[in-house]
S.K.: 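Mind looking over this structure? Questions follow.
Counting starts at 1 for both ligands and their atoms, in listed order. These numbers were taken from a predicted model, which means no experiment stands behind them.
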Amino acid sequence: MTDATAPITQDLMTIKRAPIVGLPNLVGMTRPQLREALIGAGTPEKQAKMRVGQVWSWIYNKGVYDFESMTNLAKPFRAMLAENFRVTLPEIVTKQVSTDGTRKYLLRIEGGHEVEAVYIPEKDRGTLCISSQVGCTLTCSFCHTGTQKLVRNLTPAEIIGQVLLCRDDLGEWEKGPDDKRLLSNIVLMGMGEPLYNFDAVRDAMKIAMDPEGVALSRRRITLSTSGVVPEIIRTGDEIGCMLAISFHATTNDVRDKLVPINKRWNIDALLQACRDYPRLSNSERITFEYVMLRGINDSDEDAHRLVKLIDGIPAKINLIPFNPWPGAPYERSTRKRIEAFGDIVNAAGYASPVRRPRGEDIMAACGQLKSATERERKSRKQIAEEAGL
Ligand code: SAH
Ligand code: SF4
């Protein structure tokens with residue numbers, strides 16, 4: 001754990017980007033959409049495949065967003081691109097670097113809204129935690145994002161844009177699938193419920209997996225959901241990434257309060273969707289996230305119930321010490337309690353790593369994200385009511 005009183009390294013910067021104009025943004029288009037767009041703007045059909053490949057490689061492999069610098073494209077083709085399209089990423093408003101190396105980006109997207117993305121360096125990997133919505137419609141009572149009303153879904157461009165910006169910041173372009181990367185993994189664990197923005201998340205992740213672009217394998221992408229049951233199987237079928245479930249409780253009574261979507265799809269329905277998740281195996285296990293809240297869900301009985309519930313599902317259990325935020329109605333379980341809980345889970349044969357809070361000094365840890373603008377704030381009363389507190 002980092003020392004919360006350690007100084008914060010503020011690195012304020014603004015990267016110049018193409019001005020926002022009304023032209024269609026090439027970022028975020030899937031290959032078929034890009035092909036259609038180029039043909040629509042006059043590219044001959046028989047050249048379309050080659051052109052798509054070239055443009056794709058400039059944007060996603062080389063990180064070049066300025067048509068003039070796409071030097072292997074004929075001048076008239078570059079002019080055609082500039083007349084018809086733009087290449088726009090979200091704008092970095094601030095970048096904060098934690099004493100532990102975690103980087104938190106506050107990004108401004110069209111409409112002036114703000115979202116956050118967090119890069120977490122580790123010894124053997126580097127993970128970018130990205131957002132899928134501005135705010136969240138759900139109201140998990142321990143989550144800071146849940147106190148912010150949904151403003152809107154992010155577009156595919158804004159989702160993949162977070163990855164491109166981070167690669168820019170890390171100076172990491174032109175690396176192939178087998179190269180060692182600073183940014184080697186993506187988790188959809190930032191702001192928002194990714195399965196309430198399914199199509200945009202799917203398209204953005206398809207772009208991230210494309211072998212000629214960012215080229216991250218589907219096994220290096222993990223989508224976390226609070227339990228949008230009807231979309232879980234689709235995630236396996238249409239994205240094929242790894243799945244994490246925000247489980248957090250072992251009885252419906254408690255889960256109803258912590259993760260109110262449980263009132264719609266309860267523990268049984270959620271676990272059935274997990275059992276049906278495509279490609280589930282010992283090498284592709286589901287991660288069950290479990291936030292440790294003192295006196296709420298952290299007893300030995302909870303641990304025993306948990307392993308019983310997930311019996312037979314290839315799984316690992318990720319224990320997340322609660323990360324507090326101003327006004328939060330919970331406390332973090334003690335270290336001793338977390339260890340005792342973990343021991344029971346371990347004894348039942350499940351790996352149960354405790355997630356080390358990262359970037360706490362810059363409010364970058366799980367569940368602490370929330371855009372700095374609090375214009376669209378849910379009332380405390382609404383949160384308490386929805387959570388049945
Ligand atoms: N909406 C998705 C993904 C974003 S949250 C989901 O709920 O799964 C990523 C993880 O952080 C989830 O497991 C979430 O429950 C957890 N989380 C939220 N607030 C937290 C907090 N204050 N402390 C620790 N974990 C938290
Ligand atoms: Fe939304 Fe996830 Fe936070 Fe729940 S935990 S409020 S689903 S972001």
S.K.: Any heavy atom of Ala244 closer to ligand 1 than 4.0 angstrom?
M.R.: no

S.K.: What atoms in ligand 2 come closer than 4.0 Å to a heavy atom of Gly146?
M.R.: 6 (S)

S.K.: List ligand 1 atoms under 4.0 Å from Glu289, heavy atoms only on the residue side.
M.R.: 10 (C), 12 (C), 13 (O)

S.K.: Relative to the heavy atoms of Gly192, which atoms of ligand 2 are at a distance of less than 4.0 Å?
M.R.: 8 (S)

S.K.: Geometry only, no angles: is Arg355 polar-contacting ligand 1 at N/O separations under 3.5 Å?
M.R.: no

S.K.: Among Cys136, Gly146, Ser226, Gly192, whose heavy atom sits nearest atom 1 (N) of ligand 1?
M.R.: Gly192

S.K.: Applying a heavy-atom cut-off of 4.0 Å, say which part of Val291 lies close to ligand 1: side chain, backbone, both or neither.
M.R.: side chain

S.K.: Salt bridge check: are Glu339 and Lys336 linked by an N-O gap of less than 4.0 Å?
M.R.: no

S.K.: Are there over 12 heavy-atom neighbours, none belonging to Arg335, within less than 6.0 Å of that residue's CZ?
M.R.: no

S.K.: For Ile320, counting its heavy atoms only, list the atoms of ligand 1 lying under 4.0 Å from any of them.
M.R.: 24 (C), 25 (N)

S.K.: Measure His248 to ligand 1 on non-hydrogen atoms and call it side chain, backbone, both or neither using the 4.0 Å cut-off.
M.R.: side chain

S.K.: For Trp325, counting its heavy atoms only, list the atoms of ligand 1 lying under 4.0 Å from any of them.
M.R.: 22 (N)

S.K.: Testing Val64, Leu81, Val55, Leu26 one by one against Val87 for a side chain to side chain contact (heavy atoms under 4.5 Å, CB included), which residue passes?
M.R.: Leu26

S.K.: How far does CG of Leu293 sit from CZ of Arg332, to the nearest 0.5 angstrom?
M.R.: 11.0 Å

S.K.: Under 3.5 Å between any N/O of His144 and any N/O of ligand 1: does that happen in this structure?
M.R.: no

S.K.: Under a 4.0 angstrom heavy-atom cut-off, which atoms of ligand 2 come close to Ser226?
M.R.: 7 (S)

S.K.: What's the spacing between Thr43 OG1 and Arg51 CZ if we round to 0.5 Å?
M.R.: 7.0 Å

S.K.: Hey, what do you get for CZ (Arg355) to CG (Leu319), rounding to the nearest 0.5 Å?
M.R.: 10.0 Å

S.K.: Any idea which protein heavy atom is nearest atom 3 (Fe) of ligand 2, and the distance to it?
M.R.: Cys143 SG, 2.4 Å

S.K.: Could you tell me whether Arg220 atom CZ has more than 12 heavy atoms of other residues or ligands within 6.0 Å of it?
M.R.: no

S.K.: Are Arg202 and Glu238 ion-paired here, with the side-chain N under 4.0 Å from a carboxylate O?
M.R.: yes

S.K.: Polar-atom distance check: Leu188 versus ligand 1, any N or O pair below 3.5 Å?
M.R.: no

S.K.: Quick one: does Tyr330 get within less than 4.0 Å of ligand 1, heavy atoms only?
M.R.: no

S.K.: Can you tell me which portion of Glu193 lies within the under-4.0 Å heavy-atom range of ligand 1? Options are side chain, backbone, both, or neither.
M.R.: both

S.K.: Using a 4.0 Å cutoff against the non-hydrogen atoms of Ser246, which atoms of ligand 1 qualify?
M.R.: 6 (C), 7 (O), 8 (O), 12 (C), 13 (O), 14 (C), 15 (O)

S.K.: Taking atom OH of Tyr290 and atom CG of Asn297, what is their separation to the nearest 0.5 Å?
M.R.: 4.0 Å

S.K.: Heavy-atom distances under 4.0 Å decide this one: backbone, side chain, both or neither, for Thr225 against ligand 1?
M.R.: backbone

S.K.: Using a 4.0 Å cut-off to any heavy atom of Cys143, which atoms of ligand 1 qualify?
M.R.: 18 (C), 19 (N)

S.K.: Taking 4.0 angstrom as the limit and counting only heavy atoms of Cys136, give me the atoms of ligand 2 inside it, by number and element.
M.R.: 1 (Fe), 6 (S), 7 (S), 8 (S)

S.K.: Tell me whether atom 4 (Fe) of ligand 2 has Cys140 as a neighbour, meaning an N, O or S atom of it below 2.8 Å.
M.R.: yes

S.K.: To the nearest 0.5 Å, how far apart are CZ in Arg86 and CG in Asp66?
M.R.: 15.0 Å

S.K.: Under the salt bridge (Lys or Arg N to Asp or Glu O under 4.0 Å) criterion, do Arg31 and Glu212 qualify, and how do the steps go?
M.R.: CA-CA 11 Å; Arg31 274 181 188 267; Glu212 280 156 48; 3.4 Å; yes

S.K.: Got a second to check how far Arg181's CZ is from Leu216's CG, nearest 0.5 Å?
M.R.: 5.0 Å

S.K.: Which atoms from ligand 2 have a heavy atom of Leu138 less than 4.0 Å away?
M.R.: 6 (S), 7 (S)

S.K.: Should you measure from each heavy atom of Gly190, which atoms of ligand 1 turn up under 4.0 Å away?
M.R.: 4 (C)

S.K.: Start with the C-alpha distance between Phe142 and His248, add both sets of side-chain angles, then the distance that settles ring-ring contact (aromatic ring centres under 6.0 Å, His included), and finish with yes or no.
M.R.: CA-CA 10 Å; Phe142 53 88; His248 305 324; 4.9 Å; yes

S.K.: Between Asp311 and Lys308, is the closest basic N to carboxylate O distance under 4.0 Å?
M.R.: no

